[in-house]
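Remarks on the structure that follows.
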Amino acid sequence: MKKSLFFLLLIAVLISTANGQFTKIGGGLAYGSGYYFNNVDFSGYRSPHLAVSFTGIYEITVPIHVSPSFTVFFPHVSTSNDFKTIISEIMFDINGHYVFNSLDRFEFYGLGGLNILFTSWKEKPVGADAFKESDNALGLNLGAGTYIKITDQFDAYCEAKYVIGKYDQFMFNAGVLINLDWLIKHEKQIIN
């Protein structure tokens, strides 16, 4: 059932994006509330919080955008006398944005989409081989965000979302987007 639903969603996105275009790309910092790896409530199993995020905005129509993103978390490392534990995490998201207002300098949007999380736990006892375990999970994103035009070339963005799945967590992202439309229009001036 999950594969069929994912396949239908992928087909719908591909058909609807045939006339669209990427309008913005960029990145920034992210913060996640975190989770416990495999739901083991122990500090050595706590996921990382800070991350670097890369995103793009694909405009299908004026109120509807698709936003793929890739987030890499800084590993959470905890040490004790006998062990060193490392939790690593990366996630891929594909979100749909519905822009409620399209003002000159400020846009507010609601978002919903898919989240694919890859996480791993590694424990290294002193003087012994390391234990490794990995997991992945599919989740749903629900949230809201905003684009704020800084200049014709750059927009600031921030968004808050909640990931619903095996590893529930709250995420906050903020960063800068480059406006590709402006870049294409001024390409000859930049090269010369």
Residues two or more places apart in sequence or in another chain: which of them pass side-chain hydrogen bond (donor to acceptor under 3.5 Å, both in side chains) with N141? D93, N95
How would you list, by chain and number, every residue that makes a side-chain hydrogen bond (donor to acceptor under 3.5 Å, both in side chains) with T61, sequence neighbours excluded? none
Do I90 and F74 belong together in a cluster built from hydrophobic side chains that touch within less than 4.5 Å? yes
Going by ring pair (Phe, Tyr, Trp, His ring centres under 6.0 Å), name the residues that satisfy it together with [X], two or more places apart in sequence or in a different chain.
X    : value
F70  : F92
F154 : none
F172 : none
H97  : Y109

Could you give the distance from [atom1] ([X]) to [atom2] ([Y]), rounded to the nearest 0.5 Å?
X    : Y    : atom1 : atom2 : value
L117 : M91  : CG    : CE    : 5.0 Å
S78  : F83  : OG    : CZ    : 11.0 Å
D129 : K124 : CG    : NZ    : 6.5 Å
Y147 : D155 : OH    : CG    : 8.5 Å

Side chains of D168 and Y35, heavy atoms from C-beta outward: is any pair under 4.5 Å? no
Assess whether side-chain contact (heavy atoms from CB on, under 4.5 Å) is satisfied between I164 and L142, documenting all intermediate values. CA-CA 8 Å; I164 303 166; L142 295 173; 3.7 Å; yes
Looking at residues at least two apart in the chain, or sitting in another chain, which of them share a salt bridge (Lys or Arg N to Asp or Glu O under 4.0 Å) with K122? none
With sequence neighbours excluded, tell me which residues meet salt bridge (Lys or Arg N to Asp or Glu O under 4.0 Å) with D135. K166
Run the side-chain contact (heavy atoms from CB on, under 4.5 Å) test on K24 and I178 for me, step by step, so that the C-alpha distance in whole Å, both residues' side-chain angles and the decisive distance to 0.1 Å come before the verdict. CA-CA 5 Å; K24 301 172 186 178; I178 299 169; over 6 Å; no
Member of N115, V66, I116 meeting the side chain to side chain contact (heavy atoms under 4.5 Å, CB included) criterion with I94: V66
Quick one, Y167 with Y36, criterion side-chain contact (heavy atoms from CB on, under 4.5 Å). Give me CA distance, side-chain angles, the key distance, then yes/no. CA-CA 8 Å; Y167 296 116; Y36 288 101; over 6 Å; no
By side-chain contact (heavy atoms from CB on, under 4.5 Å), which residues pair with [X], not counting sequence neighbours?
X    : value
Y98  : P63, I64, F100
A30  : A51, S53, T71, M171, N173
Y31  : H49, L50
S134 : S120

Report yes or no: do D152 and N179 form a side-chain donor-acceptor pair below 3.5 Å? no
Please check if any side-chain donor atom of Y157 sits under 3.5 Å from a side-chain acceptor atom of T55, or the reverse. no
Would you say NZ of K84 has more than 12 non-hydrogen atoms from neighbouring residues, nucleotides or ligands within 6.0 angstrom? no
Going through the distances and angles, do T23 and I57 end up as a side-chain contact (heavy atoms from CB on, under 4.5 Å)? CA-CA 6 Å; T23 57; I57 305 298; 3.9 Å; yes
Any donor-acceptor N/O pair, N101 side chain to E107 backbone, under 3.5 Å: no
Does any N or O in the side chain of E159 come within less than 3.5 Å of the main-chain N or O of G145, such that one atom is a donor and the other an acceptor? no
